[in-house]
Amino acid sequence: MSQQKITKAMLQEYYSDYFDVTPLINIIGLSTFRRREFGFDLGNTFTRNLSFGTPRKLVDYMGNQGVFQAYVGAVYSESPSKQQSIQRLQWESRELVFDIDLDEFDLVRRCDCKGEKTFCEECWTLAQDAMIFLDATMREDFGIEDLVWIFSGRRGVHCWICDDIAKKLDQRQRSAVINYLTLIKEGEKTPHVDMLPKYAKSLKERIFTLLSRSFFLNTAEAELIKLGFKKGDSKKILKRVLTESQFNYKQFIPTYPSIDPLRLAKAIIINRYPRIDRKVTLDTRRLLKIPNSIHGKTGNVCVVINNISNFDPFDVPSIFDKVLSN
């Protein structure tokens with residue numbers, strides 16, 4: 001992450017000359033654009049309850065102001081404004097969103113990255129696993145078709161679920177979705193997993209299929225022994241997961257009859273399962289970063305992730321690449 005200072009002049013140049021609003025329009029569409037709320041960090045103040053008649057007017061505002069952070073919110077019955085704030089308007093819709101931030105994994109990260117100390121190649125695999133797992137779960141268990149992943153520009157990702165049925169979910173319904181997905185109970189020192197609910201059969205199979213490979217690749221032999229594996233098993237397991245493109249747990253489990261599958265599942269969940277910021281999902285008026293906008297602290301572009309497995313967060317463009325290289 002760059003330590004160079006981001007100036008308002010640089011932001012004005014980026015949004016005037018390089019910013020592409022197309023990814024945002026592809027996500028939220030044009031039909032309700034004028035009734036969308038927008039918010040901005042202007043450097044010394046934060047403003048929201050703004051709306052724009054056209055995408056061009058939005059881009060012009062961002063370029064003229066040189067905004068440090070740019071956000072988009074929900075759709076309301078009328079265009080939000082300072083005179084007509086969202087508290088006075090009827091809420092109509094908002095994409096179902098998930099926020100995954102790597103600082104939520106601090107209790108299980110084995111590297112030196114903690115809290116706001118960004119991330120490394122090792123712990124980025126936690127975000128990658130979370131995206132792969134949630135993407136499959138939302139498509140297979142909920143029938144979702146229109147799903148977009150966005151790199152936050154710092155140490156996390158945002159998932160936008162844009163199916164019409166998802167946009168209309170109220171807070172209670174969003175709570176039901178997040179409850180279905182939540183298997184970890186975070187303690188102050190130790191996260192734990194209660195008995196897996198009966199409805200979690202498909203989740204359990206997906207846990208083994210999609211997360212067990214990463215678990216074995218990133219777990220020390222001493223930890224595997226605590227789960228009942230014998231000394232020396234880790235080398236055999238590592239060789240197996242490295243040679244199989246998709247780990248076949250149905251063939252793997254019978255190979256180790258002394259292992260309790262439920263205990264192993266809980267260990268995989270605690271160490272590799274997605275940790276979703278519940279507050280973000282439940283807040284139907286939440287503002288989320290605009291795709292292709294600049295993260296005001298890192299200078300990185302909040303890019304769309306087109307391929308989860310191949311996405312490299314260390315190779316994303318930044319404002320410094322765009323502005324200072326020309």
Side-chain angles (χ1 to χ4, degrees), residues 21-39 48 51 55 70-80 86 89-101 104 127-152 156-184 197 199-203 206 210 273-293 302-308 311:
V21 75
T22 304
L24 173 64
I25 303 307
N26 288 342
I27 293 173
I28 68 173
L30 285 173
S31 61
T32 58
F33 183 85
R34 64 177 58 249
R35 292 187 283 115
R36 280 272 179 179
E37 184 199 10
F38 290 87
R48 60 183 302 179
S51 59
Y71 302 90
V72 60
V75 177
Y76 294 90
S77 54
E78 297 180 47
S79 301
I86 60 172
L89 299 175
Q90 181 179 343
W91 179 93
E92 289 195 348
S93 66
R94 176 69 164 99
E95 292 77 12
L96 178 64
V97 296
F98 298 130
D99 178 23
I100 298 171
D101 199 309
E104 297 294 330
Q128 191 176 54
D129 280 356
M131 286 189 281
I132 291 172
F133 188 91
L134 284 175
D135 197 283
T137 299
M138 296 311 297
R139 295 181 191 279
E140 295 170 15
D141 293 4
F142 291 89
I144 293 300
E145 297 179 353
D146 191 356
L147 187 153
V148 182
W149 289 95
I150 308 288
F151 176 54
S152 71
V157 293
H158 300 147
C159 176
W160 295 60
I161 297 176
C162 307
D163 297 58
D164 288 339
I165 191 171
K167 294 178 184 178
K168 298 291 186 180
L169 296 179
D170 60 24
Q171 191 173 72
R172 179 183 59 82
Q173 293 165 327
R174 291 170 197 245
S175 179
V177 173
I178 201 73
N179 287 344
Y180 175 83
L181 296 170
T182 300
L183 298 180
I184 301 172
Y199 68 72
K201 181 179 179 181
S202 60
L203 290 179
R206 207 171 288 121
L210 298 181
Y273 192 79
R275 284 161 163 80
I276 305 169
D277 189 328
R278 185 182 184 90
K279 298 188 298 294
V280 174
T281 299
L282 295 184
D283 187 356
T284 58
R285 297 174 184 264
R286 190 82 172 198
L287 296 173
L288 222 59
K289 285 187 179 68
I290 292 177
N292 270 0
S293 66
C302 302
V303 295
V304 175
I305 299 173
N306 294 313
N307 186 309
I308 295 172
F311 176 72

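Nothing here was measured: the structure is a model prediction, and the numbers come from that model.
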Distance-minimising heavy-atom pair for L210 and A136:
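Where L210 meets A136 most closely, the heavy atoms are CD1-CB, 3.9 Å.
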Is the backbone of [Y] close enough, under 3.5 Å, to the side chain of [X] for a donor and an acceptor to pair up by distance?
X: R174; Y: L169; value: yes
X: T182; Y: I178; value: yes
X: R286; Y: T281; value: no
X: T137; Y: F133; value: yes
X: Q173; Y: D170; value: yes
X: S51; Y: P80; value: yes

Taking atom types as modelled and ignoring hydrogens, do the side chains of R36 and S79 form a donor-acceptor contact shorter than 3.5 angstrom?
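Side-chain D/A pair, R36 to S79: absent.
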Distance alone, cut at 3.5 Å: any donor-acceptor contact between the side chains of D141 and Y180?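 Yes, because at least one side-chain N or O of D141 sits under 3.5 Å from a partner of the opposite role on Y180.
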- Start with the C-alpha distance between I184 and R275, add both sets of side-chain angles, then the distance that settles side chain to side chain contact (heavy atoms under 4.5 Å, CB included), and finish with yes or no. CA-CA 8 Å; I184 301 172; R275 284 161 163 80; 3.4 Å; yes
Is it the case that over 12 heavy atoms from other parts of the model lie below 6.0 angstrom from the [atom1] atom of [X]?
X: E140; atom1: CD; result: yes
X: I165; atom1: CD1; result: no
X: R34; atom1: CZ; result: no

How long is the straight-line distance from [atom2] of [Y] back to [atom1] of [X], given to the nearest 0.5 Å?
X: D163; Y: M138; atom1: CG; atom2: CE; answer: 8.5 Å
X: I144; Y: L134; atom1: CD1; atom2: CG; answer: 12.0 Å
X: E145; Y: C162; atom1: CD; atom2: SG; answer: 12.5 Å

According to salt bridge (charged side-chain N to carboxylate O under 4.0 Å, His left out), who are the partners of D135, at least two apart in sequence or on a separate chain?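 Expected list: R139.
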Next item on the list: Assess whether side chain to side chain contact (heavy atoms under 4.5 Å, CB included) is satisfied between R94 and Y76, documenting all intermediate values.
Entry: CA-CA 9 Å; R94 176 69 164 99; Y76 294 90; over 6 Å; no
Does the pair D99 and K279 meet the rule for a salt bridge (Lys or Arg N to Asp or Glu O under 4.0 Å), with working shown? CA-CA 9 Å; D99 178 23; K279 298 188 298 294; over 6 Å; no
Verdict with supporting geometry, F311 and F151, ring pair (Phe, Tyr, Trp, His ring centres under 6.0 Å): CA-CA 10 Å; F311 176 72; F151 176 54; 5.7 Å; yes
**Prompt:** Can E92 and R35 be counted as an ion pair, charged N to O under 4.0 angstrom?
**Reply:**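 Yes, this pair counts.
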**Message:** The test is side chain to side chain contact (heavy atoms under 4.5 Å, CB included); show your working for E95 and W160 and say whether it passes.
**Reply:** CA-CA 6 Å; E95 292 77 12; W160 295 60; 3.8 Å; yes
Go through it in stages, so that I can follow the logic: the residues are L287 and R48, the test is side chain to side chain contact (heavy atoms under 4.5 Å, CB included), and I'd like the CA-CA distance, side-chain angles, deciding distance and then a yes or no. CA-CA 9 Å; L287 296 173; R48 60 183 302 179; 3.6 Å; yes
